[in-house]
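A short write-up of the structure that comes next.
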Amino acid sequence: MPREHPIVAENSLTGKKERVVPLEGSRVRMYVCGLTPYDAAHLGHARTYVGFDVIRRWLQHRGYGVLHVQNITDVEDKIIDRAMQTGDDPLLLAERNHKLAEEDFARLRILPPHLTPRVSEFIPQIVELIERLIARGHAYEGKGNVYFSVGSFPQYGALTHPNQEQMLEGVRKDVAEGKRGAEDFALWKAAKPGEIWWDSPWGKGRPGWHIECSAMSNTLLGATFDIHGGGMDLKFPHHENEIAQSEAATGQPFVKTWLHCGFLTVQGEKMSKSLGNFVTLRDALAKNEPEVLRLLFVSTHYRSRIDYSEAALAQSAVVVQRIRTALENVEHAKGKDGRSDVEEHRLLAQLDHAKQRFEQAMDNDFDTPGALAQLLEMVGVLNKMASHPVSRTALERGELQFRTYANVLGVLPGAKQSASAGAEQGLLDLLLQVRQEARLAKQFAISDKVRDGLAALGFVIEDSADGPRVRRT
RNA sequence: GGUGGGGUGGCCGAGCGGUUAGGCACCUGACUGCAGAUCAGGUUUGAGCGAGUUCGACUCUCGCCCCCACCUCCA
């Protein structure tokens, strides 16, 4: 259990930075609004989930036990529409897309949530919650639909402070059957012909949007929990309605800290399926290392907007390569185990300083750009350690520290295939040997021809004090 | 229109009432046959505009301009 609680985070509910102190011991209960998997996951989704992944990793690094629940909204209008078009079973369609998204997220090194509840698995809990809301006078049935009575919950709007007009404009016109207050929203929708349905005390139907998150979080995390997150766009009406449903049903505060991620934009516009300007995560992963995408995401604060572009991605790739090079330099330096000296102590002290500032940055509302700056500071120190060279012990200590913090951001690149295997490796070694001999004989035209030729084939040769190094592009 | 967030050096992007953010790009030097990597240093006397508070503001206050998001489904 952490001895103290150094982390502060900006709570969307209050707009202020608040100390993160778990409601119960050192255990943080976190609910993140997940995907509605009617289609492939795109980079915008990736941004949000990497954001919460880093938050979770930092909480864990600080000694908290995080229970991470992230739902899958597998019963929803868009899924039903899509399934109707293709003739698919809506639940199977959702499950299929979810599996694909899960694979993508895993490749992005996003830690899987501990629980991934589906709406279709929580129908009894949802029905029970709606019944409770009706019993408490916060909901009513009309023509097979059930609505939440916004008027019965005077505290409505704590998160986004919508005015009356907004609440009225915010309602959906197509589900107005049997509705009393224009600002009321659906908890249960009567089934239309051909739609998926479940039996309920109000007839055949399905849950409205919003209610599933209240039912699932209440069942899995309790009436009150620590952190609830999602994209900025979910604040209104989704999260506002969740608060109303949950607090009206339990009479207890719903969530202590609300965290919202900013958007990924393309040329200044939000990346979304409806705008058609999205890049699927799968495509992005086919063209970029996962660490490059993560680095792009963490180089901006989680609440800020990230403008996606090829140029930004290219810049991230350069930084990832810089990290990889530093680790390679350290690896090579380990072979020549130097002496501990004053310089070594100075470098270790610099490393320690960067570590402290990294921690300060992360403690301060998960300031990943600030933390990244310190991580790159460590890269510089590591390179100095590699060229000094210092003792093997110091190198190993430095490397371990660096890896620990790089892992918090999830930007530690995996080793690239150093070269190749079998006969190819033999040919490569032979060419390098011939090139070395040419260099020693000052036959630079020949040695450069070998280097250029190999570069064209994807093998970059870099000469160093202790021989040539091969890197694959 | 309402609500919320923001406008920082060529580009990306933080913190902070006075002390170098960091990266990318570019230039110079060291190292190298050259290149690359790395290190050292430098470039733009940074802060949308105007006014105010202050010994001092990029950081606080007010006004104006502009951008984005939410207000319909949305991560």
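These numbers were taken from a predicted model, which means no experiment stands behind them.
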Rounded to whole angstrom, note down the [atom1] distance from [N] over to [M].
{"N": "B:rC12", "M": "B:rC64", "atom1": "C1'", "answer": "28 Å"}
{"N": "B:rG10", "M": "B:rG5", "atom1": "P", "answer": "28 Å"}
{"N": "B:rC31", "M": "B:rG50", "atom1": "P", "answer": "49 Å"}
{"N": "B:rA14", "M": "B:rG1", "atom1": "P", "answer": "28 Å"}
{"N": "B:rG18", "M": "B:rG29", "atom1": "P", "answer": "38 Å"}
{"N": "B:rG17", "M": "B:rC60", "atom1": "C1'", "answer": "8 Å"}
{"N": "B:rC68", "M": "B:rU61", "atom1": "P", "answer": "25 Å"}
{"N": "B:rG48", "M": "B:rC66", "atom1": "C1'", "answer": "7 Å"}

Pairing of [X] and [Y] as salt bridge, 4.0 angstrom limit:
{"X": "A:Glu359", "Y": "A:Lys355", "answer": "no"}
{"X": "A:Asp463", "Y": "A:Arg435", "answer": "yes"}
{"X": "A:Glu344", "Y": "A:Arg339", "answer": "no"}
{"X": "A:Arg294", "Y": "A:Glu291", "answer": "no"}
{"X": "A:Arg324", "Y": "A:Glu289", "answer": "yes"}

In residues 367-382 of chain A, what donor-acceptor pairs under 3.5 Å come from side-chain atoms, sequence neighbours left out?
unit_1: A:Asp367; atom_1: OD1; unit_2: A:Gly370; atom_2: N; d: 3.1
unit_1: A:Thr368; atom_1: OG1; unit_2: A:Val298; atom_2: O; d: 2.8
unit_1: A:Thr368; atom_1: OG1; unit_2: A:Thr300; atom_2: O; d: 3.4

In this structure, how many angstroms lie between the [atom2] atom of [N] and the [atom1] atom of [X], rounded?
{"X": "A:Lys270", "N": "B:rA75", "atom1": "NZ", "atom2": "C1'", "value": "8 Å"}
{"X": "A:Lys384", "N": "B:rG41", "atom1": "NZ", "atom2": "P", "value": "8 Å"}
{"X": "A:Asn97", "N": "B:rA75", "atom1": "CG", "atom2": "P", "value": "12 Å"}
{"X": "A:His239", "N": "B:rA75", "atom1": "NE2", "atom2": "P", "value": "10 Å"}
{"X": "A:Glu359", "N": "B:rA14", "atom1": "CD", "atom2": "P", "value": "21 Å"}
{"X": "A:Tyr308", "N": "B:rG13", "atom1": "OH", "atom2": "P", "value": "15 Å"}
{"X": "A:Arg305", "N": "B:rC70", "atom1": "CZ", "atom2": "P", "value": "12 Å"}
{"X": "A:Phe459", "N": "B:rG36", "atom1": "CZ", "atom2": "C1'", "value": "17 Å"}

Base, sugar-phosphate or nothing for [X]? Non-hydrogen atoms, less than 4.0 Å.
{"X": "A:Ser304", "answer": "sugar-phosphate"}
{"X": "A:His42", "answer": "base"}
{"X": "A:Gly380", "answer": "sugar-phosphate"}
{"X": "A:Thr325", "answer": "sugar-phosphate"}

Problem - By salt bridge (charged side-chain N to carboxylate O under 4.0 Å, His left out) - contacts of A:Glu10 (at least two apart) - result: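 Partners of A:Glu10 by the salt bridge (charged side-chain N to carboxylate O under 4.0 Å, His left out) criterion, ordered by chain and then number, come out as A:Arg303.
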
Write down the protein N/O and nucleotide N/O pairs, taken from nucleotides 32-35 of chain B, whose separation is under 3.5 Å; answer none if there are no such pairs.
unit_1: B:rG33; atom_1: N7; unit_2: A:Arg439; atom_2: NH2; d: 3.3
unit_1: B:rG33; atom_1: O6; unit_2: A:Arg439; atom_2: NE; d: 3.0
unit_1: B:rG33; atom_1: N1; unit_2: A:Asp448; atom_2: OD1; d: 3.0
unit_1: B:rG33; atom_1: N2; unit_2: A:Asp448; atom_2: OD2; d: 2.7
unit_1: B:rC34; atom_1: O2; unit_2: A:Arg451; atom_2: NH2; d: 2.5
unit_1: B:rC34; atom_1: N3; unit_2: A:Arg451; atom_2: NH1; d: 2.8
unit_1: B:rC34; atom_1: N3; unit_2: A:Arg451; atom_2: NH2; d: 3.3
unit_1: B:rC34; atom_1: N4; unit_2: A:Asp463; atom_2: OD2; d: 3.0
unit_1: B:rA35; atom_1: N6; unit_2: A:Asp463; atom_2: O; d: 3.4
unit_1: B:rA35; atom_1: N1; unit_2: A:Asp463; atom_2: N; d: 3.1
unit_1: B:rA35; atom_1: N3; unit_2: A:Arg451; atom_2: NH1; d: 3.0

Problem - Side-chain donor-acceptor contact under 3.5 Å, A:His45 with A:Asp104 - result: no

Qualifying residues under side chain to side chain contact (heavy atoms under 4.5 Å, CB included), relative to [X], sequence neighbours excluded:
{"X": "A:Glu195", "answer": "A:Ile80, A:Met84, A:Lys192, A:Arg206"}
{"X": "A:Asp226", "answer": "A:Pro22, A:Leu23, A:Val28, A:Arg29"}
{"X": "A:Glu103", "answer": "A:Leu100, A:Arg282"}
{"X": "A:Val69", "answer": "A:Tyr31, A:Leu115, A:Pro117, A:Leu220, A:Leu221"}

Distances under 3.5 Å only, N/O to N/O: pair up the protein atoms with those of nucleotides 21-25 of chain B.
unit_1: B:rG23; atom_1: N2; unit_2: A:Gln315; atom_2: OE1; d: 3.4
unit_1: B:rG23; atom_1: N2; unit_2: A:Gln315; atom_2: NE2; d: 2.7
unit_1: B:rG23; atom_1: N3; unit_2: A:Gln315; atom_2: NE2; d: 3.3

Practice task
Determine whether the aromatic ring centres of A:Phe254 and A:His228 lie less than 6.0 Å apart.
Solution key: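 Between A:Phe254 and A:His228, the centre distance is under 6.0 Å.
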
Handout entry: Qualifying residues under side chain to side chain donor-acceptor pair (under 3.5 Å), relative to A:Asp452, sequence neighbours excluded
Key = none

Exercise for the section: Only counting residues at least two apart or in another chain, list the ones meeting side chain to side chain donor-acceptor pair (under 3.5 Å) with A:Glu343. Expected result: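 Checked A:Glu343 against side chain to side chain donor-acceptor pair (under 3.5 Å); matches are A:Arg346.
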
Problem - From B:rC71, B:rA69, B:rC73, nucleotide with atom closest to A:Phe263 side chain - result: B:rA69

Problem - Side chains of A:Phe459 and A:Leu428 in contact at under 4.5 Å (non-hydrogen atoms) - result: yes

Exercise for the section: Respond yes when some side-chain nitrogen or oxygen of A:Lys235 is under 4.0 Å from OP1 or OP2 of B:rA69, and no when none is. Expected result: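 No, outside the criterion.
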
Practice task
May I ask you to verify if any side-chain N or O of A:Asn383 is less than 4.0 angstrom from the OP1 or OP2 atom of B:rC39?
Solution key: yes

Handout entry: Closest-nucleotide ordering on RNA chain B, the 5'-leading residue of A:Gly15 and A:Arg469
Key =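 The residue whose closest nucleotide sits nearer the 5' end is A:Gly15.
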
Fill in the blank from the handout: Encoded 5' to 3' (Watson-Crick or G-U under 3.5 Å; [ ] crossing; | other strand), RNA chain B becomes (((((((..(((.....[...))).(((((.......))))).....(((((..]....))))))))))))....

Problem - Residues from residues 226-233 of chain A lying under 4.0 Å of RNA chain B - heavy atoms - result: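 Within residues 226-233 of chain A, the residues near RNA chain B are A:Gly230, A:Gly231, A:Asp233.
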
